[in-house]
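Please read all numbers here as calculations on a predicted model, not as lab measurements.
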Amino acid sequence: MTYVAGVVLTGIGAGMGIRDRWSRTRDLVTGLENRANFIDRVDREITGHQARSQKLAILCHDIDGFKNINDLYGHTTGDHALREVAGKLSATLSRGQTLARLGGDEFAILMPNIESPTEVRLLVERLQRNVSAGTSEIGLPGSNSVSVGIALYPSDASDRAELLTYADTALHRAKDEESGSCRFFDPVMGQQLRDRRAIEEDLAKAIHDGQFHLVYQPQAKIRTGEITGFEALLRWTHPTRGDVSPGLFIPIAEESSFILTLGEWVLRNACQEAATWKRPLTVAVNVSARQLIDTGLADLVRNVLAESNLPPSRLEIEVTETALISDPNRALQTLNKLKSLGVTIAMDDFGTGYSSLSNVREFPLDKIKIDRSFIKSVHANKQTASIVRAIRLLCHGLGLPVIAEGVETADELNFLIKEGFTDAQGYLLGPPVPVSKIAAFAYDNVIPLPNTRVRVLSEVAAQ
């Protein structure tokens with residue numbers, strides 16, 4: 001007699017039949033129903049509930065911080081965590097409620113025959129309480145938590161595909177808030193989801209149709225206004241939507257493989273345009289987390305530099321702390337390869353990540369960019385001023401140049417000068433402009449800043 005995750009197999013012939021049926025309907029890690037079997041069950045329940053005019057709910061869960069468990073402790077420990085959470089979720093359910101593992105760390109519950117959303121909320125509270133209760137059996141620090149997204153039949157959707165999609169959409173909204181959150185789907189999310197799908201479809205056509213272009217924001221010496229380089233920033237002009245905010249389309253691109261295509265387009269065009277500048281100004285290009293862990297990034301950069309004839313020393317790759325910690329080992333490998341090419345590595349948005357000091361020590365960085373959120377009104381906020389002052393001293397001690405982002409007022413600039421900063425970027429020094437408008441910066445040995453900025457810079461420098 002053989003046991004497989006609680007299923008008893010008797011006899012060789014019968015055992016093989018049961019094992020085959022079990023493997024087709026069950027998740028091999030947790031023993032729960034798998035995605036395919038869960039989908040079939042939801043379809044049957046919807047048909048039955050429709051005939052009886054009853055309601056049901058789909059609850060999607062995932063384990064908060066599960067990627068960190070895999071990255072720090074390995075996939076074997078990750079599998080133990082999945083089984084541990086699965087056991088706690090299963091123990092909470094009542095008769096007739098079905099739990100499945102959809103994939104990764106995402107679970108789903110089918111809750112039939114509900115009378116009101118309050119029943120669902122009470123179940124979620126019990127689930128989350130039980131998952132987080134007690135110590136981890138596998139020796140992990142702290143306790144687990146799950147975030148939950150909920151969609152209701154028939155008020156949210158009348159078919160299984162939309163119901164699962166909407167529950168997953170609500171789950172993503174919950175995870176945007178904080179660990180252990182719960183969100184019901186609402187019509188606003190539905191419109192946002194439709195808009196998102198439309199943008200995803202339009203993104204695929206945008207490069208081919210020439211809808212993207214780059215703008216360049218100057219980086220300058222703050223006492224003189226001398227331009228030292230530019231940051232290349234991506235802009236999208238849609239034929240019907242008009243200008244689409246990067247804050248909207250970049251995250252959508254990052255969640256798909258399209259960010260690799262888009263990132264290559266930005267890198268190639270920025271290097272080609274910078275290679276035409278007579279002055280040896282640097283061009284900074286942002287690299288996303290998805291690009292940073294792509295094994296082909298270093299080869300792409302090498303090829304683009306060769307094709308554009310841009311010296312490697314004039315290319316600056318900007319990465320964020322979030323990108324670095326998404327997969328630290330692969331990120332480190334990629335950065336070392338990039339450094340071997342002779343390009344500069346800058347940490348962007350410094351101070352907004354999770355482990356700034358350790359990142360500065362462990363990764364091969366050449367420059368630090370203080371996030372604009374710390375520069376805004378820095379002259380009037382003592383706590384922020386102390387943080388910015390400490391960052392500059394830290395970077396000075398490590399021999400790292402530091403640049404302040406988002407400088408918009410003379411007061412902010414004055415503070416930076418008094419604190420010993422030498423470089424900055426922001427609207428006070430120059431807004432992002434198309435390549436056609438930076439000819440004077442890039443070709444002539446002059447700094448044609450608008451008169452108002454020249455006056456502000458000279459007045460501040462004289463203080």
Side-chain angles (χ1 to χ4, degrees), residues 35-36 39 42 58 60-62 66-67 102-106 108 147-151 156-177 181 183-215 232-270 285-297 300 318-320 322-323 326-327 348-349 432:
R35 174 184 284 272
I39 285 174
V42 173
I58 298 292
C60 283
H61 314 61
D62 70 10
F66 181 73
K67 187 178 185 304
L102 300 186
D105 65 318
E106 187 169 352
S147 296
V148 185
I150 304 161
D156 292 331
S158 58
D159 68 87
R160 178 259 306 160
E162 278 200 333
L163 203 61
L164 283 169
T165 297
Y166 289 171
D168 190 61
T169 300
L171 171 61
H172 279 82
R173 181 62 60 85
K175 291 184 70 65
D176 286 342
E177 295 174 356
S181 292
R183 286 296 299 266
F184 282 83
F185 179 82
D186 65 51
V188 173
M189 293 182 195
Q191 184 58 50
Q192 291 172 342
L193 181 61
R194 288 187 288 274
D195 289 344
R196 183 185 186 87
R197 287 173 175 168
I199 290 175
E200 286 177 349
E201 294 175 0
D202 291 345
L203 274 172
K205 299 180 293 185
I207 288 183
H208 181 269
D209 294 346
Q211 297 171 18
F212 288 114
H213 67 280
L214 296 177
V215 293
L233 301 169
L234 182 63
R235 296 293 183 264
W236 180 14
T237 303
H238 190 278
T240 57
R241 296 174 184 268
D243 292 334
V244 184
S245 168
L248 177 62
F249 72 82
I250 292 295
I252 293 175
E254 286 181 338
E255 291 185 8
S256 69
S257 59
F258 186 74
I259 192 64
L260 300 178
T261 302
L262 194 56
E264 179 177 347
W265 186 92
V266 171
L267 176 69
R268 195 174 300 278
N269 282 268
V285 176
N286 293 278
V287 169
S288 71
R290 188 75 175 268
Q291 291 173 274
L292 190 60
I293 63 174
D294 183 73
T295 55
L297 179 62
L300 172 64
E318 292 192 2
V319 297
T320 64
T322 303
S326 66
D327 192 331
D348 196 15
D349 301 338

Would you check if L233 and N286 make a side-chain contact, meaning some heavy-atom pair closer than 4.5 Å?
yes
Residues which pass side-chain contact (heavy atoms from CB on, under 4.5 Å) with A270, listed by chain and number, not counting sequence neighbours:
L214, Y216, A232, V283, V285
Quick one: closest heavy-atom pair of D62 and E106, and the distance?
CB-CA, 4.0 Å
Smallest heavy-atom separation, L171 atom then C60 atom, equals CD1-O, 3.8 Å
List in chain and number order the residues that pass side-chain contact (heavy atoms from CB on, under 4.5 Å) with S181, two or more places apart in sequence or in another chain; answer none if no residue qualifies.
A174, E177, E178
Residue pairs meeting salt bridge (charged side-chain N to carboxylate O under 4.0 Å, His left out), one or both in residues 158-170, sequence neighbours left out, come to D43-R160
Tell me, please, which residues at least two apart from D186 pass salt bridge (Lys or Arg N to Asp or Glu O under 4.0 Å).
R183
NE2 of H213 to CG of N269: how many Å apart, nearest 0.5 Å?
11.5 Å
Which side-chain N or O atoms in residues 245-253 pair as donor and acceptor under 3.5 Å with protein atoms at least two apart or in another chain?
residue	atom	partner	partner atom	Å
S245	OG	G247	N	3.1

Lys/Arg-Asp/Glu bridge criterion (N-O < 4.0 Å) met for D243, R235
no
Distance (rounded to the nearest 0.5 Å) between D156 CG and Y166 OH
8.5 Å
Worked check of side chain to side chain contact (heavy atoms under 4.5 Å, CB included) between T261 and E264
CA-CA 5 Å; T261 302; E264 179 177 347; 5.9 Å; no
Shortest non-hydrogen contact between D294 and L260, atoms and distance:
OD1-CD1, 4.1 Å
Just verifying a value: how many Å separate D209 CG and T237 OG1, rounded to the nearest 0.5 Å?
12.5 Å
On a heavy-atom basis, which atom in I150 and which in A170 lie closest, and how many Å separate them?
N-CB, 3.7 Å
Using side chain to side chain contact (heavy atoms under 4.5 Å, CB included), reason through L262 and F212 one step at a time and then give a plain yes or no.
CA-CA 9 Å; L262 194 56; F212 288 114; 3.6 Å; yes
Under 3.5 Å side-chain donor-acceptor pair for Q291 and S288:
yes
Between side-chain atoms of residues 198-205 and protein atoms elsewhere (two or more places apart, or another chain), which donor-acceptor pairs fall under 3.5 Å?
residue	atom	partner	partner atom	Å
D202	OD2	H238	NE2	2.9

Measuring only between side-chain heavy atoms, which start at C-beta, is L267 closer than 4.5 Å to L300?
yes
